[in-house]
Structure formats: structure tokens, C-alpha cells
Engineer: 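Following this message is one structure expressed as C-alpha cells.
All of these numbers come straight from a predicted model, not from anything done at the bench. Ligands are counted one by one from 1 in listed order, and the atoms in each one are counted from 1 as well. These values consider heavy atoms only, across backbone and side chains, with no hydrogens, waters or symmetry-generated copies.
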Amino acid sequence: MTTSAEGGCLCGAVRYRASGPMVVGTLCHCRSCRLASGAPSVGWACFATKDFAFIRGEPVAYASSPGVERTFCGRCGTPLTYRKFAEGRTVDVTTATLDDPDAFAPTKEIWVGEKLGWECTNSAMWQFAQSSTGD
Ligand SMILES: [Zn+2]
Ligand SMILES: [Zn+2]
């Protein structure tokens, strides 16, 4: 099991490090993730906040819902993180921005109820109509 990971945006201006193990990996089909990324679904690797740090540059933050902060590179636009401040113990990182995304494969598909009609689900993953944690 990989216990340390780095990643960053397309242009390289922002880099981060997650120094602990991934808590959970999800693939999200919600409309908010779709619009924040411009992609039909978004993979998220969840890490403990205490294990996560930006190590180069500073991303731009955007409150996509009350109490929720998404960050992205202000230069190239790559979406980087998602945080819910009421639940400050974890931060979600876009799986695709990790240097080795295949080492952090998601196991759950969430918000399948908002999925685009032409987007397929993966039968190898757990499926949840909404959030897998009920929040
Ligand atoms: Zn960038
Ligand atoms: Zn989402």
C-alpha cells in the first residue's frame, strides 16, 4: 500500500504532497463536480488533512456550496482539492492529478443518481445513489 504521494496541476505551478495513506477513493457523478472539472465524473482520493500540504505554489479557492471549498490552479485551471469545513479531518484530492493515479483507484461510485445518461458505471465498484456517508 502506497503511503506517500505527490501530485499537481497541468502547468506545474501548484504541487502537493499527501504523506499518509488514502482514507477512501471515490468516483463522483454529482453535477457540482462535473461543472468544477468539465468532465462527466471525477475521481477523488481522500486523505487526512494533517497529512496533506501544498508544497509548491498556492491554488485559488472557490466556495462551490456553503461550507465547501474547491481549489484549482489559477494559471492552468486544473481542479485540485475539495474540502468540507464542517468535516475538517479530511481533504479530497482529484485522483487524476496524483503522479501515480493507478495506485489510488476508487472503490465507490457516488451520486450515481445524478449521473449523465451516457456515462457508464463500473460493476467492480460499490454504487451509491448519493453520498456514501449520508451527508
Ligand atoms: Zn497549473
Ligand atoms: Zn461530486
Side-chain angles (χ1 to χ4, degrees):
M1 181 81 194
T2 308
T3 57
S4 179
E6 292 190 10
C9 65
L10 177 62
C11 77
V14 181
R15 295 282 300 168
Y16 62 81
R17 178 180 296 137
S19 56
M22 180 171 79
V23 178
V24 65
T26 57
L27 183 68
C28 188
H29 294 278
C30 85
R31 182 172 184 274
S32 183
C33 283
R34 268 208 305 277
L35 290 177
S37 66
S41 59
V42 181
W44 293 105
C46 180
F47 296 95
T49 306
K50 66 174 175 57
D51 294 336
F52 179 85
F54 288 103
I55 55 174
R56 184 197 302 159
E58 278 291 331
V60 176
Y62 171 67
S64 59
S65 309
V68 169
E69 179 190 82
R70 293 176 186 265
T71 68
F72 57 94
C73 174
R75 187 167 151 212
C76 72
T78 299
L80 293 167
T81 66
Y82 172 100
R83 266 178 86 176
K84 201 174 266 183
F85 285 108
E87 205 288 282
R89 289 167 301 165
T90 59
V91 56
D92 286 310
V93 175
T94 44
T95 311
T97 64
L98 287 157
D99 292 341
D100 186 8
D102 276 324
F104 299 89
T107 56
K108 297 177 176 182
E109 286 189 81
I110 61 172
W111 294 99
V112 173
E114 292 190 10
K115 186 179 75 61
L116 294 178
W118 49 265
E119 173 83 328
C120 297
T121 54
N122 183 336
S123 60
M125 290 193 238
W126 297 100
Q127 315 280 325
F128 297 87
Q130 298 185 336
S131 160
S132 63
T133 54
D135 56 355

Engineer: Compute the angle centred on the Zn ion (ligand 1) spanning SG of Cys76 and SG of Cys11, and express it rounded to 10 degrees.
Structural biologist: 110°
Engineer: Angle at the Zn ion (ligand 1) between SG of Cys73 and SG of Cys9, to 10°?
Structural biologist: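 Value returned, to the nearest 10°, is 110°.
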Engineer: Would you kindly confirm whether Phe72 and Val93 end up in one hydrophobic cluster when ILVMFWY residues are joined by side chain heavy atoms under 4.5 Å apart?
Structural biologist: no
Engineer: Between Tyr16 and Phe52, is the ring centre distance below 6.0 Å?
Structural biologist: yes
Engineer: Ignoring hydrogens, what is the shortest heavy-atom contact between Arg83 and Gly88? Give both atom names and the distance.
Structural biologist: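 Smallest heavy-atom distance, with atoms named: NH2-O, 4.4 Å.
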Engineer: Could you measure the distance from the CZ atom of Arg31 to the OG atom of Ser64? Nearest 0.5 Å is fine.
Structural biologist: 12.0 Å
Engineer: Quick one: are Thr71 and Phe54 in side-chain contact, heavy atoms under 4.5 Å?
Structural biologist: yes
Engineer: Out of Glu114, Lys115, Gln127, Glu109, which one pairs with His29 under the side chain to side chain donor-acceptor pair (under 3.5 Å) rule?
Structural biologist: Glu109
Engineer: Please tell me if the side chains of Val23 and Arg89 come closer than 4.5 Å, counting only heavy atoms from C-beta onward.
Structural biologist: no
Engineer: Sort by chain and number the protein N/O/S atoms found under 2.8 Å from the Zn ion (ligand 2).
Structural biologist: Cys28 SG, Cys30 SG, Cys33 SG
